[in-house]
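All ligand and atom numbering here is 1-based and tracks the order in the structure.
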Amino acid sequence: MQIITDPAEMQAIAERLRLQRQFIGVVMTMGALHEGHLSLVRLAQRRAGIVIMTIFVNPMQFGPEEDYERYPRPFEQDAALARSAGVDYLFAPEQGLMYPEGFRCTVDPGPMAERFEGTVRPGHFRGVATVVLKLLNITKAHLAVFGEKDAQQLAIIRRVAADMNVDTKIEAAPISREPDGLAASSRNIYLSPEERERATALHRAIRHAEQETGRGRRDLAAIAKEGLAIVTSAPGSKPDYLCFVDDGTFDPVDTALPGRSYRLVMAVRFGTTRLIDNWRFDCGE
Ligand code: PAF
């Protein structure tokens with residue numbers, strides 16, 4: 001595995017790989033790698049001949065209240081994990097090379113970035129969209145894999161790629177779940193044993209939605225209300241939101257129409273831990 005820190009060098013390597021007709025897949029991360037990242041690498045390896053992993057703690061996606069400086073950066077450990085996972089190139093640029101003196105332009109993803117996660121983290125998705133577009137241009141990837149757990153981020157990246165005519169296929173990796181259905185997350189370790197047990201309410205709300213839509217109901221607002229009741233029945237839960245949205249626009253939706261895709265999205269706090277989860281629903285004829 002080759003480690004590259006200079007965007008110009010990474011771009012030159014990517015250009016050479018393309019001339020050699022290699023199919024390039026990229027997995028973007030902010031480091032502190034865990035099993036979730038490695039599953040994205042495995043998916044990229046199944047689809048692409050060459051896999052580039054990027055590690056960059058992107059200051060632009062951190063709010064003033066969020067601790068950019070204290071974000072974990074276990075680089076040696078991450079590099080060892082990436083190497084053993086079979087990553088071909090590890091691109092880990094310094095901040096000054098990504099945002100040099102004179103850097104001005106950013107990508108504004110529009111209203112989609114201002115709701116749900118965007119209300120808790122103003123400006124966050126502008127930072128994500130900007131760095132993702134930069135990393136796609138630097139790695140010249142044919143394919144980029146993002147986790148479906150961050151569904152709003154995924155939808156925004158798809159929107160940016162479509163609107164900016166980006167020639168990279170954006171592929172979603174399914175949410176990995178614990179045996180009891182809780183979505184895998186590095187935040188789960190902050191839950192007390194009681195909170196951990198109560199947090200399964202998120203997946204119970206998803207299963208309820210799955211059952212109800214499965215038996216033909218299309219009244220999504222009512223199903224979401226029932227899901228909210230399931231979540232709030234867990235002692236100590238504080239939902240930020242729980243509703244169905246259009247999977248492309250993230251606009252809230254009350255009733256499902258045939259042939260369209262929707263997503264049940266939710267963010268729920270247990271004590272100081274904020275969990276997100278989602279489930280995609282393709283409405284048949
Ligand atoms: O999901 C993340 O880890 C980050 O938002 C990403 C996509 C690597 C951009 O910094």
Side-chain angles (χ1 to χ4, degrees), residues 4-5 7 10 24-41 43-44 51-63 66-75 77-79 81-82 85 87 89-99 103 106-109 112-113 116-118 120-139 141 143-161 164 166 168-176 183-188 250 265 267 274-278:
I4 294 138
T5 55
M10 183 70 256
I24 306 171
V26 67
V27 174
M28 298 180 190
T29 80
M30 299 210 299
L33 301 181
H34 51 69
E35 175 48 36
H37 297 112
L38 302 181
S39 71
L40 303 188
V41 169
L43 179 57
V51 172
I52 302 174
M53 175 185 273
T54 70
I55 295 186
F56 179 61
V57 185
N58 175 33
M60 202 192 281
Q61 68 188 76
F62 285 76
E66 296 171 341
D67 211 343
Y68 165 73
E69 297 300 336
R70 279 185 29 207
Y71 195 87
R73 291 167 173 84
F75 185 73
Q77 192 184 312
D78 284 348
L81 274 171
V87 165
Y89 295 91
L90 181 59
F91 176 56
E94 282 164 26
Q95 192 192 308
L97 294 175
M98 287 295 277
Y99 299 116
F103 179 91
T106 59
V107 179
D108 175 1
M112 244 174 119
F116 303 112
E117 293 307 295
V120 213
R121 305 181 75 185
H124 169 71
F125 288 121
R126 184 178 59 89
V128 171
T130 303
V131 82
V132 167
L133 187 59
K134 282 169 73 67
L135 291 170
L136 289 176
N137 284 331
I138 293 167
T139 59
L143 169 105
V145 180
F146 294 93
E148 209 169 3
K149 168 97 185 313
D150 293 313
Q152 193 177 359
Q153 167 172 285
L154 175 67
I156 286 171
I157 292 170
R158 283 194 197 286
R159 191 69 261 154
V160 171
M164 299 293 126
V166 174
T168 306
K169 183 176 189 301
I170 307 297
E171 178 134 352
I175 299 176
S176 58
S185 163
S186 41
R187 291 182 181 174
N188 293 351
F250 259 66
V265 292
R274 187 170 178 278
L275 302 176
I276 58 168
D277 205 341
N278 69 84

Top protein contact for atom 3 (O) of ligand 1, by heavy-atom distance = Met30 CG, 3.8 Å
task = Would you check if the side chain of Asp78 reaches a backbone N or O of Ile55 as a donor-acceptor pair within less than 3.5 Å?
result = no
inquiry  = Contact between Lys134 and Tyr99 at the side-chain level, heavy atoms closer than 4.5 Å - yes or no?
reply    = yes
key: Where ligand 1 meets Val131 - atom numbers and elements under 4.0 angstrom, heavy-atom basis   = 9 (C), 10 (O)
inquiry  = Would you say the rings of Tyr71 and Phe62 are close, in the sense that their centroids are separated by under 6.0 Å?
reply    = yes
inquiry  = Test of understanding: with salt bridge (charged side-chain N to carboxylate O under 4.0 Å, His left out), list the residues that count as partners of Glu66, not counting sequence neighbours.
reply    = Arg121
inquiry  = Taking 4.0 Å as the limit for heavy-atom contacts, which would you say applies to Thr29 with ligand 1: side chain only, backbone only, both, or neither?
reply    = backbone
request  = Would you mind finding which of Lys134, Gln61, Lys149 brings a heavy atom closest to atom 6 (C) of ligand 1?
outcome  = Gln61
request  = Identify, by atom number and element, the atoms of ligand 1 in contact range of Met28, meaning under 4.0 Å from any of its heavy atoms.
outcome  = 8 (C)
cation_pi(Arg73, Tyr68) dist<6.0 Å, angle<=45 = yes
key: ligand 1 to Gln153 polar contact by distance, N or O atoms, under 3.5 Å   = yes
